[in-house]
Each structure stands twice: as C-alpha cells, then as structure tokens.
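This report concerns only the one structure given below.
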Amino acid sequence: MHLAETTIENIALHAVGNKQLEEPLQLSHELLKVSDEVKNALKSYFIFPFKTDEYFQFFNENGLEMNEVYKCASTIFEDPDALLEQSLYLAQHLYNQCTHPKIKDGEFYVVYFKNAVLDDELVDAVGLFKAETKDTFLKVHQEDDKFVVESDYGFGLTKLDKGCLIFNTEKERGFVVAVVDNTNRNAEAQYWMDDFLHVRQRKDEFYNTQTVLNMCKSFVTECVPEQFEVTK
C-alpha cells in the first residue's frame, strides 16, 4: 500500500487487558502527542502489513447500526474531532470481547488517516490496531569516551499483531475494510474479526475469483482418481 500521500491526523491510545483474567482497561482522555518523526514510523508500522486485495465489510444480523465498530467509524468520519470520544467506546467494546484466557493484553490505537490509498484513489480512513507481542530491545548511547548498552522491554515496530483499516467509502454496505490478524488464529480466539469487528468478506472481484478457484479445487479433488496426485 502506498504511503507517500497518507498522513496521520490524530492518534488515541489505550491499554486493553484480558477481561476474564481481570486485567485492567486503562483509558486515556487525551490524544497522543508525538513528533513528525514518530508519526512517520508509526504510519509504516500501521499500514505496511496491509498487502492483500482481500477486503471485508461490517455487518450485523439485526442491521448495520447494531455493529459497534461501524457506528463509531461512521461518527468519526462525520466529525473527525470525535476520534478521542469514540476511541473510548471502541476500547470498552474490545475489552468486553477479551474473554478467552489466551487473549493477550496490549496497546490499542485508534488512528485517523488522511489520503489513504484504496484502488488508486485517496480516501480518509480510520485505523484500529492492537499491539500484543512485547520483546526485549537494546538501546546504545555514548557517555564521554565509552558506549553504554541498556535493555528495555516493549512493543517493537516490525510486526503488527492485529489491525483494521476502515476506508470512508461504501458506507451503506458496511464500508470497505482491510484486516490483519497475525496472532490467535485458533478458532476459539478469533475475537478480533468475529467478535470485535464483526466483518464478512466483501463480494468484489477478489471474492468472485476465490469462489471460482474453490469450486475448481473441489471438482478436481472429487473427480480425479485417488491414485493420481493432484498438485498445485
């Protein structure tokens, strides 16, 4: 995904624990203030993992307006200054879904992007990101005529655990949504896509191609005799 035109306008940050394990939900009531250098680093961290042509859309069996994330995103697009307020609802909603013991605590970012790229067009977007994987990293600095190495523990910028980009288009159909989930792939912990976002695959060209490929795969598997190996 192209990054040159995209800018981060505002960021809200909260800490979301595991509700079942009685870990806390720590909310911030101020937007995150960071330098342009940090914004650029975060922009790459947030957007770069979205490399797929597979898109989703919000839904709810009782109507779109019952989807919590859809409602919050709609409010933010109508009034970008509502980002912080809506981020509080989103953090609480995410916390309420963290009821499986394997779900990790983490930092939850709600970000407003200007000029995100979708199919070579520029649209605004709301990003939801959760960093769950902490690691040890080294800090090296010089003191007088020697170097000092110190270790610290935190979230790195090399791998996004969970992410969602909501593009401000096709609102009536549930927006166009891109999703990343690199952890908790086991069925019982699919809380990010199923419980929190509640999305389904968007019926576009990519969806139609995948459907045809799956049909062909099923046909070949059923029709080719067992003694013949079917390769890709």
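What's counted below: heavy atoms across the whole structure, side chains too, no hydrogens, waters or symmetry copies.
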* Asked: With sequence neighbours left out, what residues match K159 under salt bridge (Lys or Arg N to Asp or Glu O under 4.0 Å)?
  -> none

* Is there a chain of hydrophobic side chains (I, L, V, M, F, W, Y, each step under 4.5 Å between heavy atoms) that links Y55 to F50? -> yes

* To do: Would you mind reporting whether L197 and L128 have side-chain heavy atoms less than 4.5 Å apart?
  => yes

* To do: List for me each residue that meets ring pair (Phe, Tyr, Trp, His ring centres under 6.0 Å) alongside F56, sequence neighbours excluded, and say none if there are none.
  => none

* **Passing option when C164 is tested against V177, V180, V126 for side chain to side chain contact (heavy atoms under 4.5 Å, CB included)** => V177

* Residues forming a salt bridge (Lys or Arg N to Asp or Glu O under 4.0 Å) with D105, sequence neighbours excluded -> none

* May I have the step-by-step check of side-chain contact (heavy atoms from CB on, under 4.5 Å) for L88 and H14, ending in yes or no? => CA-CA 8 Å; L88 298 173; H14 310 288; 3.4 Å; yes

* Specify the closest pair of heavy atoms between N168 and F175, including all atoms of both residues, with the distance to one decimal. => OD1-CE2, 3.8 Å

* To do: Using modelled atom types only, decide if a donor and an acceptor are shared between the side chain of N18 and the backbone of I103 within a distance under 3.5 Å.
  => yes

* Asked: Angle class for the F59/H198 ring planes (parallel below 30°, perpendicular above 60°, tilted otherwise)?
  -> parallel

* Structure fact -> Residues Q97 and D195: closest non-hydrogen pair is OE1-CB, 3.6 Å

* Asked: Can you tell if the side chain of L94 reaches within under 4.5 Å of the side chain of K130, non-hydrogen atoms only?
  -> yes

* Does any non-hydrogen side-chain atom of L42 lie less than 4.5 Å from one of K39? -> no

* Asked: Counting only heavy atoms not in E61, do more than 12 fall under 6.0 Å of its CD?
  -> yes

* Structure fact -> Those residues at least two apart in sequence (or on a different chain) that pass side-chain hydrogen bond (donor to acceptor under 3.5 Å, both in side chains) with E107 are Y109

* Flag the pair F58 / I166 as yes when at least one side-chain heavy-atom distance between them is below 4.5 Å, and no otherwise. => yes

* Hey, mind stepping through F129 and L165 against side-chain contact (heavy atoms from CB on, under 4.5 Å) and telling me if it holds? -> CA-CA 9 Å; F129 311 96; L165 279 177; 4.1 Å; yes

* Donor-acceptor pair, side chain of N182 and main chain of L160, under 3.5 angstrom -> yes

Show every donor-acceptor pair shorter than 3.5 Å between a side-chain atom in residues 72-79 and any protein atom, with sequence neighbours excluded, or say none if there are none.
unit_1, atom_1, unit_2, atom_2, d
S74, OG, Y70, O, 2.8
T75, OG1, K71, O, 3.1
E78, OE2, K171, NZ, 3.1
D79, OD1, D81, N, 3.2

* To do: Please name all residues satisfying salt bridge (Lys or Arg N to Asp or Glu O under 4.0 Å) with E170, sequence neighbours left out, ordered by chain then number.
  => R173, R202

* Asked: Would one find more than 12 heavy atoms of other residues, nucleotides or ligands at under 6.0 Å from atom CD of Q142?
  -> yes

